[in-house]
Amino acid sequence: MGKKQPVRPPKNPNILSIARKAMAEGNYTPVDHAKLRLDQREVTVQEMEQVIERGHREKSKDEYKSEHKSWNYSIRGKTVDERDLRVAVSLDKTSGLLIITVIDLAK
């Protein structure tokens, strides 16, 4: 018998509305990795916010992170300048909405 895998928590079906509400209220925290990627990929905070405000869920890109026991959710959208970006977010019990990373899909 192999090692039993821990049960993953279910995905939050309301993540997009939760993320949008957090953005509107300025109630989110970019983790260090996200800050680094924003800088490296020359993505502004405003562009990241635009993607969350207008984008759509990419359920196929969601990932469960066993080390954090939580889901990273993918939101994809275009900025006002038509830049195609993906933003990964997660929910934390104490910090609320976390911005995990930002990806420029044109590069």
Side-chain angles (χ1 to χ4, degrees):
M1 252 193 194
K3 187 176 177 183
K4 188 175 179 181
Q5 292 292 329
V7 177
R8 293 179 179 179
K11 289 184 184 183
N12 188 319
N14 301 316
I15 189 63
L16 199 52
S17 60
I18 291 167
R20 287 178 175 157
K21 183 176 189 291
M23 278 290 133
E25 296 171 352
N27 189 17
Y28 62 91
T29 304
V31 300
D32 288 340
H33 178 78
K35 292 175 189 174
L36 177 67
R37 294 296 185 242
L38 283 164
D39 185 50
Q40 286 176 336
R41 296 170 177 156
E42 298 178 337
V43 175
T44 67
V45 171
Q46 291 79 15
E47 288 175 316
M48 176 194 72
E49 290 174 347
Q50 290 167 12
V51 168
I52 292 174
E53 290 166 359
R54 306 171 189 200
H56 64 277
R57 257 298 283 298
E58 268 192 308
K59 291 180 184 180
S60 65
K61 298 291 183 181
D62 292 350
E63 289 183 276
Y64 181 72
K65 297 295 185 177
S66 57
E67 65 271 23
H68 300 293
K69 297 183 176 99
S70 65
W71 285 96
N72 283 359
Y73 300 93
S74 293
I75 301 171
R76 181 176 181 170
K78 294 198 178 196
T79 66
V80 292
D81 296 329
E82 295 296 310
R83 199 167 175 194
D84 193 14
L85 302 176
R86 178 181 298 127
V87 179
V89 302
S90 188
L91 294 175
D92 180 76
K93 290 177 183 161
T94 55
S95 302
L97 184 73
L98 299 176
I99 307 301
I100 304 303
T101 194
V102 177
I103 301 165
D104 185 338
L105 296 167
K107 294 185 179 178

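Quantities reported herein were computed from a predicted structural model and do not represent experimental measurements.
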**Request:** Just jot down the side-chain hydrogen bond (donor to acceptor under 3.5 Å, both in side chains) partners of Ser74, sequence neighbours excluded, or say none.
**Result:** none
**Request:** Can you run down the salt bridge (charged side-chain N to carboxylate O under 4.0 Å, His left out) pairs that involve residues 63-74, sequence neighbours left out, and say none if there aren't any?
**Result:** Glu63-Lys65
**Request:** Go through the structure and list residues passing side chain to side chain contact (heavy atoms under 4.5 Å, CB included) with Asn14, not counting sequence neighbours.
**Result:** Asn12, Ser17, Ile18
**Item:** Transitive ILVMFWY cluster of Ile103, excluding itself - 4.5 Å side-chain cut-off
**Value:** Leu105
**Message:** Is there a side-chain contact between Thr44 and Thr79 in this structure, where contact means two heavy atoms from C-beta onward sitting under 4.5 Å apart?
**Reply:** no
**Request:** Could you tell me which residues satisfy side-chain hydrogen bond (donor to acceptor under 3.5 Å, both in side chains) with Glu58, sequence neighbours excluded, listed by chain and number?
**Result:** Arg76, Arg86
**Asked** What's the spacing between Leu97 CG and Asp92 CG if we round to 0.5 Å?
**Response** 10.0 Å
**Complete:** Sorted by chain and number, sequence neighbours left out, side chain to side chain contact (heavy atoms under 4.5 Å, CB included) with Pro9 holds for Tyr64, Trp71
**Partners meeting side-chain hydrogen bond (donor to acceptor under 3.5 Å, both in side chains) with His68 (sequence neighbours left out)** = none
**Asked** Does any pair with a residue in residues 21-41 pass ring pair (Phe, Tyr, Trp, His ring centres under 6.0 Å), and if so which ones, sequence neighbours excluded?
**Response** none
**Message:** If I take atom CG from residue Leu38 and atom OG1 from residue Thr101, how far apart are they, to the nearest 0.5 angstrom?
**Reply:** 8.0 Å
**Asked** Can any side-chain N or O of Gln50 pair as donor or acceptor with the backbone N or O of Val80 at less than 3.5 Å?
**Response** yes
**Request:** Evaluate whether atom NZ of Lys11 has more than 12 neighbouring non-hydrogen atoms of other residues, nucleotides or ligands under 6.0 angstrom away.
**Result:** yes
**Item:** Summary of salt bridge (charged side-chain N to carboxylate O under 4.0 Å, His left out) pairs that have at least one residue in residues 36-52, sequence neighbours excluded
**Value:** Glu47-Arg83
**Message:** Which residues pass the side-chain hydrogen bond (donor to acceptor under 3.5 Å, both in side chains) test with Lys21, not counting sequence neighbours?
**Reply:** Glu25
**Asked** When clusters are formed from ILVMFWY side-chain contacts under 4.5 Å, directly or step by step, what else is grouped with Leu98?
**Response** Val31, Ile100
